[in-house]
**Student:** 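Handing you this structure, nothing more for now.
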Amino acid sequence: MNKKIILWSITAALAGFLFGFDVVVISGADKKLQALWGSSEAFHGAVVMGMALWGTVVGAIFGGLPTNKYGRKNTLIVIGILFAVSAIGSAFSNDPYVFAFARFIGGLGVGASTIAAPAYISEIAPAKDRGRLVAMYQFNIVFGIMIAYLSNYLLSNIGENSWRWMLGVEAIPAFLYILFALKLPKSPRWLLSQSREAEAREVLKIIDPNADIDAQVQEFNSHSEKSDKSENIFIKKYRFPLMLAFLIAFFNQFSGINAVLYYAPRIFEAAGLGENSALLNSIGLGVTNLVFTLLGVFLIDKLGRKTLMYIGSLGYIVSLGLLAAAFLLEWSGMAVPFFLFLFIGAHAVGQGAVIWVFISEIFPNHLRASGQAFGSSTHWILAALIPSLFPFLLKLVGGGVVFLVFAIMMVFQLLFVAFMMPETKGKTLEEIEDVMLRKKI
């Protein structure tokens with residue numbers, strides 16, 4: 001593979017690193033901020049801690065607009081600026097409202113990155129390598145989460161203002177990312193959609209000097225000519241890819257993945273483990289997530305998206321079923337941690353590796369960013385709602401019932417994979433577009 005494509009893909013995927021870092025870094029400042037500003041539980045949760053999440057929802061809903069209008073590259077640069085401003089603003093905040101606003105700005109970057117980065121990588125990557133290149137975005141999210149935990153640990157004992165350093169240090173990778181993103185070429189498919197063919201040809205020559213550039217441009221233009229630039233993703237013509245994007249995002253969150261990641265120590269404690277053991281096992285979940293995400297990245301272009309989703313779905317059903325049984329039958333010892341590790345592994349190699357790749361592939365070029373915005377918005381709205389309800393449900397009906405519901409939802413995901421989800425491995429984006437338009441629902 002062309003080394004430049006790998007470098008460009010890694011650069012764009014680093015938006016995922018900032019995403020993972022930004023989402024998790026707040027955990028190290030959680031209790032210190034509540035004590036500093038004397039916030040109530042409700043205000044602290046909804047405003048101080050939660051504002052970044054709602055910024056993510058807004059960024060996901062509207063991130064497709066600049067991605068389409070100003071291009072993938074320019075949007076990626078702005079995303080880096082949002083992360084840098086958020087980090088510096090959070091670090092220098094002296095009241096909860098300024099802090100919440102700074103975190104909201106970072107949330108915008110998170111939401112928009114789930115659109116611009118996968119779209120950019122999918123449009124520069126060769127068909128045979130597109131899966132693993134786009135999946136590097138997910139790997140970088142998980143890697144960013146791990147580095148944020150490590151950073152918080154290293155900075156936790158440097159004084160009463162350690163929380164400022166924890167949050168402010170994100171500005172360093174953000175500035176580096178901006179410098180790298182400035183060197184990226186523009187997406188050739190976006191350039192062609194803007195009638196900038198000469199520039200697109202130059203990028204296509206760099207991507208593959210031996211390729212038939214005329215044939216590639218002709219293939220794009222032939223699809224573009226069939227497209228009405230005034231149409232949107234909600235018309236009947238695009239109902240099938242729209243349904244695919246909705247369902248894969250829906251099932252992603254109804255596996256319970258974010259609830260598990262956010263509340264792992266609480267789950268371990270509910271299962272009878274002590275606080276120290278709960279925290280230690282939470283770190284184990286992070287390591288498992290990283291290892292199996294790397295495995296998913298390696299396998300996605302070898303086995304295909306659909307095969308990984310089969311593996312992940314079966315792993316979900318088994319692990320969630322065992323978790324439900326562990327709570328309902330009051331199994332003790334290391335049963336719950338082991339089943340949770342199995343659950344995380346199933347997610348990382350399946351949904352975790354596939355979701356952003358698949359959503360970036362199934363929409364036509366002129367609607368790719370809009371389609372990703374829809375899928376990403378579905379993902380993030382549910383990611384806000386389900387973890388918010390999880391502690392209440394855990395207390396109301398118990399872990400057994402909650403995990404049983406998640407397991408049942410994954411049976412429906414398995415049916416979705418078997419009877420509705422197409423395989424996109426090895427196909428060009430234009431070939432996938434033809435498949436999507438032939439499907440009727």
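What you see is a predicted model; the values in this text were computed from it and never measured. Side chains are part of it too, since the values below use all heavy atoms of this structure and drop only hydrogens, waters and symmetry mates.
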**Student:** Heavy-atom count check: over 12 atoms from other residues, nucleotides or ligands less than 6.0 Å from Asp95 CG?
**Tutor:** yes
**Student:** Under a 3.5 Å cutoff, is there a donor and acceptor pairing between the side chains of Thr75 and Tyr120?
**Tutor:** no
**Student:** So Arg72 and Glu123, salt bridge (charged side-chain N to carboxylate O under 4.0 Å, His left out) or not? Walk me through it.
**Tutor:** CA-CA 10 Å; Arg72 286 64 162 134; Glu123 291 178 351; 2.8 Å; yes
**Student:** Could you grab the distance from atom CD1 of Ile10 to atom CZ of Phe139, nearest 0.5 Å is fine?
**Tutor:** 10.0 Å
**Student:** About how many Å separate CD1 of Ile79 and CD1 of Ile178, when rounded to the nearest 0.5 Å?
**Tutor:** 11.0 Å
**Student:** Where the side chain of Arg368 meets the backbone of Phe363, is there a donor-acceptor pair that is under 3.5 Å apart?
**Tutor:** yes
**Student:** Measuring from Leu155:CG to Trp163:CH2, what's the distance to the nearest 0.5 Å?
**Tutor:** 13.5 Å
**Student:** If you round to the nearest 0.5 Å, how far is CG of Asn365 from CZ of Phe220?
**Tutor:** 4.5 Å
**Student:** Looking at Ser360 and Trp356, would you say the former's side chain and the latter's main chain have a donor-acceptor pair under 3.5 Å?
**Tutor:** yes
**Student:** Can you confirm whether Gln138 sits close enough to Thr293 that some side-chain heavy atom of one is under 4.5 Å from a side-chain heavy atom of the other?
**Tutor:** yes
**Student:** Between Gln351 and Gln413, do the side chains contain a donor N or O and an acceptor N or O under 3.5 Å apart?
**Tutor:** yes
**Student:** For Ser162 and Ile158, indicate whether the former's side chain and the latter's backbone hold a donor-acceptor pair under 3.5 Å.
**Tutor:** no
**Student:** Tell me if the centroids of the rings in Phe43 and Tyr97 come within less than 6.0 Å of each other.
**Tutor:** yes
